[in-house]
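Note sheet for the following structure.
Bear in mind that the values here come from a model prediction, so they are computed numbers and not experimental data.
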Amino acid sequence: MKKIYIALTAMALLTLTSCKDNMTSLSNPDNRTFIREADGSFETQFQALWEGINQSYVFWDVDKTDWDARRDELIALGRELDALGKLGKLDFKSSVIEEKIRKPFLGLIDHHMGITVINPYSQAAFEDKDAYYFMPSDSEVKNRPYYTAPKKFTAYHNVLKTTFGLRLTQDMYGKYVDPETKKEIYLISALIDGCVPYLHMSGYDVAVILENQTETEAQKVLNPFFENIRDLKKAGKLKGIILDNRDNSGGALADMRYVVGLFINEEMDMMYNRTKNGLGKYDYSNWVRQYIEPNRDDACYVGDLGNIPYVVLQNVNSISMGEMSTNTISRLGSGVTIGTRTYGGHGTLMVSNTYEQNGYNGSYNQIDYQGGHSVYTTNTMSMLFNKKTDKWEVLEGIGLYPDIECKLDEKQFILGTDNQVVRAMDYIKSKQ
């Protein structure tokens with residue numbers, strides 16, 4: 001899952017104090033020597049994974065997982081797999097083995113977390129060719145009754161065209177390749193009925209795209225969306241905005257200055273974050289307020305939208321920045337969300353993922369990956385505003401409920417109608 005860039009207020013790191021009584025090692029989990037030594041067997045690899053997560057996980061005061069018991073489970077599993085490996089009877093990529101490996105990690109609420117386990121009995125594992133990567137959260141999310149598999153953006157684009165036909169007075173599709181991660185971001189921009197700008201992205205990197213001095217395919221898709229909002233608002237013809245965050249896997253938090261900052265007159269809270277500041281499970285910093293300011297310097301700044309509806313579409317595959325932007329926009333005076341409950345991966349990720357640079361929390365063995373076990377996990381615990389309870393809460397692993405529930409009609413979608421975008425347009429017309 002793509003990194004989210006965020007600058008946190010600097011805070012002093014406390015002296016390394018409390019740590020678990022039964023922790024067998026206080027080694028930095030990102031230390032390459034420690035990783036290589038631990039990867040000599042499944043048993044030592046699983047023990048290292050347990051210890052690394054125990055030290056680096058930021059949700060222990062809200063996560064109810066009995067992690068102490070999982071350590072015994074992991075060591076027993078390691079011994080079982082080691083016995084098979086030594087006998088040459090280990091089918092590492094079989095569904096049975098993969099399910100055994102996944103099981104001890106299930107239930108952890110961090111919905112960014114990804115874990116890599118290698119086969120120490122295969123030389124290819126150390127070349128990143130015989131490794132098993134999984135996200136524990138996938139099992140929980142895929143069992144939700146409203147789950148839908150992510151769709152190709154070409155399908156979204158084609159159905160948008162068949163849904164609205166000649167009502168699309170502008171229609172653009174493009175792709176952007178992130179130069180750092182090489183991740184492809186797909187973009188759809190349209191103007192519906194000449195008065196409702198629409199934007200759908202598979203991930204967030206708006207600031208990087210728009211601030212690039214060289215015009216790209218992605219700029220040609222993005223620029224008209226913001227320009228249409230500005231021009232229609234100025235002419236008194238803007239009827240609504242649709243930001244489609246369905247199947248948006250996240251990205252740069254800096255993009256808030258475009259999808260939110262262009263439409264506010266005063267600074268606005270986005271979330272509250274805290275991080276670990278020691279090896280102990282409950283060594284935390286204070287909560288730090290994160291906010292967004294009006295983006296008045298941008299040529300497309302329009303300020304408060306008044307009663308013009310700003311609709312965000314969300315679904316179970318709206319993750320990370322795909323959720324944070326949704327949550328913030330929903331708290332604008334005219335903001336409303338439509339769709340189904342989101343994925344629930346809200347913790348922010350730093351620019352760097354290395355354990356040494358981030359202190360006591362977050363991912364390890366992620367930079368310049370050279371093989372070996374690894375963990376990709378959030379660096380901060382975040383609180384988002386829960387409109388249901390009117391409180392700031394940790395919603396990790398839960399996700400955001402929509403203001404208006406509307407499930408995707410898969411049969412209609414196959415036949416060429418996107419009922420969720422239609423519902424958004426109906427809301428813009430009636431505000432109901």
Side-chain angles (χ1 to χ4, degrees), residues 109 111 137-151 153 155-156 159-160 163-164 188 192 196 198-202 239-250 259-260 270-271 305 307-346 382-432:
I109 68 169
H111 275 38
S137 57
D138 276 350
S139 297
E140 183 274 320
V141 173
K142 290 178 180 177
N143 281 324
R144 296 182 190 176
Y146 60 91
Y147 175 79
T148 54
K151 291 177 171 45
F153 264 65
Y156 275 122
V159 174
L160 182 72
T163 299
F164 294 102
I188 303 167
I192 305 174
V196 180
Y198 168 93
L199 177 65
H200 194 180
M201 301 178 291
S202 64
K239 300 301 181 183
I241 302 169
I242 300 176
L243 177 65
D244 197 337
N245 275 343
R246 294 176 298 172
D247 293 0
N248 186 303
S249 61
V259 297
V260 176
M270 295 187 298
M271 68 190 78
L305 291 168
N307 63 355
I308 298 171
Y310 191 169
V311 181
V312 186
L313 293 175
Q314 62 180 59
N315 70 0
V316 70
N317 301 304
S318 302
I319 309 173
S320 201
M321 177 59 181
E323 298 175 273
M324 296 173 191
S325 59
T326 297
N327 183 254
T328 307
I329 293 168
S330 75
R331 291 185 287 112
L332 296 174
S334 62
V336 66
T337 60
I338 296 176
T340 55
R341 179 159 58 102
T342 60
Y343 194 91
H346 308 135
S382 297
M383 281 197 298
L384 300 184
F385 192 78
N386 186 351
K387 292 174 72 175
K388 282 183 164 292
T389 62
D390 201 34
K391 296 179 181 177
W392 292 92
E393 296 178 356
V394 177
L395 299 173
E396 188 76 23
I398 298 172
L400 306 172
Y401 286 88
D403 296 321
I404 299 172
E405 186 173 14
C406 178
K407 298 178 181 179
L408 180 69
D409 189 321
E410 297 274 10
K411 291 182 180 179
Q412 282 192 37
F413 192 88
I414 291 171
L415 293 173
T417 299
D418 190 331
N419 69 295
Q420 291 178 314
V421 182
V422 170
R423 182 66 182 89
M425 287 297 294
D426 288 344
Y427 177 84
I428 288 171
K429 291 180 181 178
S430 65
K431 296 184 182 177
Q432 293 182 347

CG on Leu199 to CD1 on Ile241, rounded to 0.5 Å: 10.5 Å

Short question: side chain of Thr163, backbone of Gly416 - any donor-acceptor pair under 3.5 Å? yes

From CG (Leu384) to CG (Asn327), nearest 0.5 Å: 4.5 Å

Are the side chain of Glu396 and the backbone of Ser382 linked by a donor-acceptor contact shorter than 3.5 Å? no

Should the ring pair His200 and Phe153 be called parallel, tilted or perpendicular, given that the plane angle runs from 0 to 90° and is split at 30 and 60? tilted

If every non-hydrogen atom of Gly250 is compared with every non-hydrogen atom of Ser320, which pair is closest and at what distance? CA-CB, 4.1 Å

Pair Asp418 + Arg246: basic N to acidic O under 4.0 Å: yes

With ring-ring contact (aromatic ring centres under 6.0 Å, His included) as the test, would you mind laying out the steps for Phe413 and Tyr156 before giving the verdict? CA-CA 9 Å; Phe413 192 88; Tyr156 275 122; 5.7 Å; yes

Any chance you could lay out the side-chain contact (heavy atoms from CB on, under 4.5 Å) test for Tyr343 and Ser137, step after step, and finish with the verdict? CA-CA 9 Å; Tyr343 194 91; Ser137 57; 2.6 Å; yes

Checking side-chain polar atoms at under 3.5 Å, does Asn386 have a donor or acceptor matched by the opposite partner on Glu393? yes

Among Asp244, Asn245, Asp247, Thr340, the one residue meeting side-chain hydrogen bond (donor to acceptor under 3.5 Å, both in side chains) with Asn315: Asp247

Enter the distance from Leu395:CG to Phe385:CZ here, rounded to the nearest 0.5 Å. 10.5 Å

Set of residues satisfying side-chain contact (heavy atoms from CB on, under 4.5 Å) with respect to Pro402, sequence neighbours excluded: Gln314, Thr337, Glu405

Roughly how far apart are Leu313 CG and Cys406 SG, rounded to 0.5 Å? 8.5 Å

Within the 4.5 Å heavy-atom criterion, are Ser330 and Asp403 side-chain neighbours or not? yes

If I compare all heavy atoms of Met270 with all of Trp392, which pair ends up nearest, and what's the gap? O-CZ3, 3.7 Å

Under a 4.5 Å cut-off applied to non-hydrogen side-chain atoms, are Arg423 and Asp426 in contact? yes

Is the closest side-chain heavy-atom distance between Asn248 and Met201 below 4.5 Å? yes

If you apply the rule side-chain contact (heavy atoms from CB on, under 4.5 Å), what do you find for Val260 with Tyr310, and how did you get there? CA-CA 10 Å; Val260 176; Tyr310 191 169; 5.9 Å; no

With a 4.5 Å limit on heavy-atom distance, are the side chains of Asn317 and Lys151 in contact? no

Could you tell me if the side chain of Asn307 sits less than 4.5 Å from the side chain of Lys431, heavy atoms only? yes

If you apply the rule side-chain contact (heavy atoms from CB on, under 4.5 Å), what do you find for Ile428 with Ile242, and how did you get there? CA-CA 9 Å; Ile428 288 171; Ile242 300 176; 3.8 Å; yes

Pairwise distance CD1(Ile319) to OG1(Thr342) - rounded to 0.5 angstrom: 9.0 Å

Could you go through the side-chain contact (heavy atoms from CB on, under 4.5 Å) check for Met271 and His346 one step at a time? CA-CA 10 Å; Met271 68 190 78; His346 308 135; over 6 Å; no

Under 3.5 Å, side chain of Glu323 to main-chain N/O of Gly344, donor-acceptor pair present? yes

Side-chain touch Arg341/Arg144, heavy atoms, less than 4.5 angstrom: yes

Spacing of Asn419 atom CG and Glu410 atom CD [to the nearest 0.5 Å]: 9.5 Å

